[in-house]
S.K.: 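Next up is a structure, given as structure tokens.
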Amino acid sequence: MKDEVAGRSRKFLVAFLAVLALSAAMMATFNYVIDPFQYYRSASLYRPVLWGGMQRYQSAGLARNFAEDTVVVGSSVTENFLPRDIRALWGKPATKLSISGSTAHEQFLALRAALQTGRVRNVFWGIDTGAFYLAPAAVRDDQAPFPWHMYRNAPVPNIEYLLALGTSRLSIAVLKGYGETDFDAYHAWYDKFEFGPAVTVKAWGGTCDNFKEKYAAGQNPLAGSLVEKREQSIQQNLVELIRTYPEVRFHLFLPPLATLIYIPGATRFLPIHLPFRERLAEEVLGFQNVSLFDFQADRSISDDLSRFKDPLHFDLATTRHIITSIRDDQHRVRTVAEMAANNRKLIDFVNAYDLCADGKALPKP
């Protein structure tokens with residue numbers, strides 16, 4: 001009797017495992033064929049679509065299968081670099097690999113995947129100071145686990161992607177016709193916000209008293225751990241790619257920031273920003289395949305609050321200005337001495353900046 005029960009149990013277990021294996025195989029096959037993130041290939045069964053809020057997943061497929069002559073890398077400040085504008089102003093096809101709130105390592109992973117295709121010849125890389133003061137392998141996993149499997153170089157199947165219920169849900173959504181089909185509109189926000197002094201000052205959140213705190217050279221020296229992270233991150237996430245791909249032109253640019261972002265000058269941003277800018281110049285200007293552009297010392301942009309929706313994010317016209325300036329070799333920094341001079345100008349700009357001068361009141365929304 002016991003043997004008979006044991007036999008039935010084994011048969012049930014074998015049958016259950018067989019059904020489970022068959023179900024998994026069917027799910028993997030379905031997800032592989034539909035491939036909603038276009039990880040394996042660009043879509044041919046349906047019009048290529050993109051998924052909002054999933055840049056860390058989506059950028060892997062974009063890099064592998066859509067990267068063209070020019071790619072854009074960076075955080076949310078590069079999300080308005082529209083492929084159509086780059087084609088019109090730069091004259092080359094482009095793919096946007098921006099990831100909102102990304103770390104330097106996340107940008108490295110997306111860009112490396114694109115460079116490994118051998119198709120990329122130009123990189124527009126918006127360099128964010130804060131992204132390089134983290135551990136060199138740091139990623140954002142505060143809202144959801146980072147999808148390491150989407151960027152894995154090892155020659156193994158991406159089982160996590162193929163067997164994920166989330167992938168199946170998106171596969172079904174694709175077949176229903178959902179998803180963003182306009183690659184220019186993908187995570188672009190230039191037409192979704194109000195721009196101008198009132199909203200920028202509100203986002204800043206300071207008072208007239210903050211303009212009284214001036215910056216002095218050498219103020220608030222960085223902790224050794226921050227300097228160490230910065231050095232490692234620059235080397236591993238930036239210099240490594242520049243050195244590995246000498247045939248690719250890296251157009252690195254320091255994006256314009258509203259001067260307001262540095263106020264109060266003594267403590268707000270300059271103490272970590274200035275040393276990073278100079279260190280960046282020291283590390284990259286020796287490479288023949290690098291051009292470095294500094295838009296942060298241009299007061300025609302940084303003092304014009306009509307261009308901003310907050311002290312960090314600028315409008316589409318400014319984005320187009322950056323593309324044109326890189327094309328025309330304007331705002332380019334060629335030596336470390338030039339960057340040091342720009343730093344001194346930036347200090348002077350910030351210390352002289354005062355929206356409350358002569359008894360003026362801050363703009364109100």
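Each residue takes its place number in the sequence, starting with 1. What you see is a predicted model, and the numbers here were worked out from it, not measured in a lab.
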S.K.: Tell me whether the rings of F37 and Y57 are parallel (<30°), tilted (30 to 60°) or perpendicular (>60°).
M.R.: parallel
S.K.: Can you list every pair that meets side-chain hydrogen bond (donor to acceptor under 3.5 Å, both in side chains) and has a residue in residues 191-201, with sequence neighbours left out?
M.R.: none
S.K.: Write out all pairs satisfying salt bridge (Lys or Arg N to Asp or Glu O under 4.0 Å) with one or both partners inside residues 243-268, taking only residues at least two apart or from two chains.
M.R.: none
S.K.: Give a yes or no on this: more than 12 heavy atoms of other residues, nucleotides or ligands lie within 6.0 Å of atom OH of Y178.
M.R.: no
S.K.: With R56 as the cation and F146 as the aromatic partner, state whether NZ or CZ is under 6.0 Å from the six-membered ring centre and within 45° of the axis.
M.R.: no
S.K.: Could D348 and K214 be called an ion pair, given the rule that one side-chain N must be under 4.0 Å from one carboxylate O?
M.R.: no
S.K.: Looking just at side-chain N and O atoms, do E79 and W189 make a donor-acceptor pair shorter than 3.5 Å?
M.R.: yes
S.K.: May I ask you to establish whether R344 and F349 are in a cation-pi arrangement, using a distance under 6.0 Å from NZ or CZ to the six-membered ring centre and at most 45° from the ring axis?
M.R.: no
S.K.: Please check if the distance between the ring centroids of H273 and Y262 is under 6.0 Å.
M.R.: yes
S.K.: Any ring pair (Phe, Tyr, Trp, His ring centres under 6.0 Å) involving residues 74-100? Give me the pairs, sequence neighbours left out, ordered by first then second residue.
M.R.: F81-F253, W90-F124, W90-H251
S.K.: Going by atom types only, do H313 and S76 share a side-chain donor-acceptor pair under 3.5 Å?
M.R.: yes
S.K.: Between the side chains of R277 and Q296, is a donor N or O closer than 3.5 angstrom to an acceptor N or O?
M.R.: yes
S.K.: Please tell me whether N31 and S168 have a donor and an acceptor in their side chains that are separated by less than 3.5 angstrom.
M.R.: yes
S.K.: Regarding S325 and D328, is there a side-chain donor-to-acceptor distance under 3.5 Å anywhere?
M.R.: no
S.K.: Under a plain distance cut-off of 3.5 Å, with no hydrogens placed, do T259 and S302 share a side-chain donor-acceptor pair?
M.R.: yes
S.K.: Can the ring centroids of F195 and F308 be said to lie less than 6.0 angstrom from one another?
M.R.: no
S.K.: Using a strict 4.0 Å threshold on nitrogen-to-oxygen distance, state whether R279 and E231 make a salt bridge.
M.R.: yes
